[in-house]
2 protein chains.
Amino acid sequence: MKHSEGLEWAIHSCALLAMMPPGTPLPRRLLAEFFELPEPYLAKQLQKLSQAGIVETRRGPRGGYVLARKPEDITLLQMVEAIDGPDRHFVCTEIRRCGPTGVAGKHYTRPCGIARSMWKAEAAWRKELAATSLADIQHLGMAETPPEQTAKAIAWFQANLLQGETE
Amino acid sequence: MKHSEGLEWAIHSCALLAMMPPGTPLPRRLLAEFFELPEPYLAKQLQKLSQAGIVETRRGPRGGYVLARKPEDITLLQMVEAIDGPDRHFVCTEIRRCGPTGVAGKHYTRPCGIARSMWKAEAAWRKELAATSLADIQHLGMAETPPEQTAKAIAWFQANLLQGETE
DNA sequence: ATAATAATGGATATGTTATGTCCATTATTA
DNA sequence: TAATAATGGACATAACATATCCATTATTAT
Ligand code: SF4
Ligand code: SF4
């Protein structure tokens with residue numbers, strides 16, 4: 001019971017896209033290089049973000065990924081569900097119809113106290129995620145990160161984007 | 001990202017123990033038979049519950065598992081952590097020290113906005129689980145389950161317990 | 001004491017999912 | 001037209017959940 005690593009990568013990618021000046025798509029090659037991640041696998045996560053409508057893609061030269069909406073309009077829940085799916089974590093397998101005593105099956109057809117309690121807790125989790133936007137995450141990060149840090153990262157990307165250009 | 005099936009079994013086992021009249025230990029053989037689960041694997045989950053101090057064990061004939069505390073004093077969180085462990089679901093792998101730009105590593109040493117937002121949501125989940133007791137779960141279930149259902153389950157166990165006796 | 005019951009914990013096997021890689025295709029731009 | 005870049009399917013590998021087995025220890029009844 002832990003989140004996939006791909007989720008971490010996806011959120012980080014979004015956070016990066018959010019801090020780039022608008023109108024500059026980042027190709028996944030640079031994203032992978034920046035984080036030192038395996039590019040083909042990162043591609044999977046970015047595809048999921050794309051399918052979920054969180055990022056937009058530009059194909060061809062000077063293409064890459066851009067946020068589809070403003071950071072304020074992208075919630076943590078949307079990113080999490082894009083990668084991990086919308087399914088509940090606690091699954092009721094009906095555990096052989098809740099006991100062998102025949103009658104059981106008839107009456108336990110609706111979710112019982114166990115499932116509902118677990119799902120209620122998940123709802124609290126989702127609510128918190130839905131209340132957090134990508135912009136909120138940025139602000140939290142800013143409070144701890146010196147501004148020149150952000151500038152350096154942006155500069156790195158712009159330099160590497162240009163490199164492909166001039167050669 | 002979903003809970004192990006073992007968790008479902010463990011909670012169900014606790015719920016059963018809770019509705020049994022006190023002082024009657026249930027051997028795992030009957031628990032497994034009741035739910036039609038593989039006994040050796042269910043044993044693993046019960047061992048975890050035992051190690052966590054949620055159930056107590058009686059070895060030998062007429063032995064089995066009993067709740068270690070009153071249902072009001074056993075929370076859902078305790079059961080979940082007994083099975084799935086206390087670790088956080090979102091793990092920060094430091095993702096190559098948060099970027100290649102050298103400086104990054106120095107400043108990002110503390111959890112950033114991403115990790116803290118994810119962990120905040122998990123805290124909400126845990127809080128909800130901690131606020132739910134085994135007794136609460138029982139009451140929720142009672143509201144939907146006819147009383148004769150419970151009686152039948154108890155009777156089934158007592159009959160099977162006696163069976164071993166008389167032979 | 002002895003035999004039977006029952007949990008324990010280590011070792012091991014199997015299956016499923018997450019992780020990682022590769023490639024042919026499509027779309028876009030210079 | 002050539003180069004860039006995302007897409008999606010197929011595939012390989014690693015990690016983990018699930019499942020089984022067995023020797024051991026503790027307890028109770030006889
Ligand atoms: S008791 Fe509840 S959680 Fe368990 S199988 Fe039945 S409906 Fe599902
Ligand atoms: S940015 Fe935050 S979540 Fe990501 S690796 Fe750094 S501290 Fe961990």
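Quick note on labels: first sequence line is chain A, next is B, and so on, each numbered from 1. Reckoned from all heavy atoms, side chains included, excluding hydrogens, waters and symmetry mates.
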**Request:** Please work out which residues in residues 39-46 of chain B have a non-hydrogen atom less than 4.0 Å from an atom of DNA chain D and list them by number.
**Result:** B:P40, B:Y41, B:K44
**Item:** Salt-bridge present (A:R29, A:E39; N to O < 4.0 Å)
**Value:** no
**Message:** Under the criterion side chain to side chain contact (heavy atoms under 4.5 Å, CB included), I'd like the reasoning laid out for A:V91 against B:H3: C-alpha separation, chi angles, the key distance, then a yes or no.
**Reply:** CA-CA 7 Å; A:V91 287; B:H3 287 287; over 6 Å; no
Distance, rounded to the nearest Å, where [X] contributes [atom1] and [N] contributes [atom2]:
| X | N | atom1 | atom2 | answer |
| --- | --- | --- | --- | --- |
| A:R58 | C:dA30 | CZ | C1' | 17 Å |
| A:H89 | C:dT17 | NE2 | C1' | 15 Å |
| B:H3 | D:dC16 | NE2 | C1' | 16 Å |
| B:K2 | C:dT16 | NZ | P | 11 Å |
| A:M1 | C:dA18 | CE | P | 12 Å |
| A:I83 | C:dT17 | CD1 | P | 18 Å |
| A:W9 | C:dG20 | CH2 | P | 4 Å |
| B:E5 | C:dG15 | CD | P | 16 Å |

**Prompt:** When the ring planes of B:W119 and B:F90 are compared, do they come out parallel, tilted or perpendicular, using 30° and 60° as the limits?
**Reply:** perpendicular
With the side chain of [X] defined as its heavy atoms from C-beta on, choose the nearest nucleotide among [options].
| X | options | value |
| --- | --- | --- |
| A:Q47 | D:dT27, D:dT7, C:dA6 | D:dT7 |
| A:S4 | D:dG8, C:dT28, C:dA18 | C:dA18 |
| B:P38 | C:dG20, D:dT20, D:dA29 | D:dT20 |
| B:Y65 | C:dA7, D:dA6, C:dT19 | C:dA7 |

**Message:** Once you apply a heavy-atom cut-off of 4.0 Å, does A:Q51 come out as touching a base, just sugar-phosphate, or nothing?
**Reply:** sugar-phosphate
**Residues A:E56 and A:S50: side-chain donor-acceptor under 3.5 angstrom** = no
**Asked** Can a donor-acceptor pair be found between the side chains of A:R28 and A:Q45 at a distance below 3.5 Å?
**Response** no
**Request:** Specify the residue among A:G60 and B:P27 whose closest nucleotide of DNA chain C lies further upstream toward the 5′ end.
**Result:** B:P27
**Request:** Take A:L7 and B:T57, find for each the nucleotide of DNA chain C with the closest heavy atom, and name the residue whose nucleotide sits nearer the 5' end.
**Result:** B:T57
**Message:** Does the structure show a Watson-Crick or G-U wobble partner for C:dT28, both distances under 3.5 Å? Name it, or say none.
**Reply:** D:dA3
**Prompt:** With distance as the sole criterion, do the side chain of A:R59 and the base of C:dT26 form a donor-acceptor contact below 3.5 Å?
**Reply:** yes
**Residue of the set A:R126, A:K127, A:K120 for which salt bridge (charged side-chain N to carboxylate O under 4.0 Å, His left out) holds with B:E128** = A:K120
**Request:** Begin from the C-alpha positions of B:F34 and B:W156 and carry the test ring-ring contact (aromatic ring centres under 6.0 Å, His included) through to its verdict.
**Result:** CA-CA 9 Å; B:F34 185 85; B:W156 182 91; 5.3 Å; yes
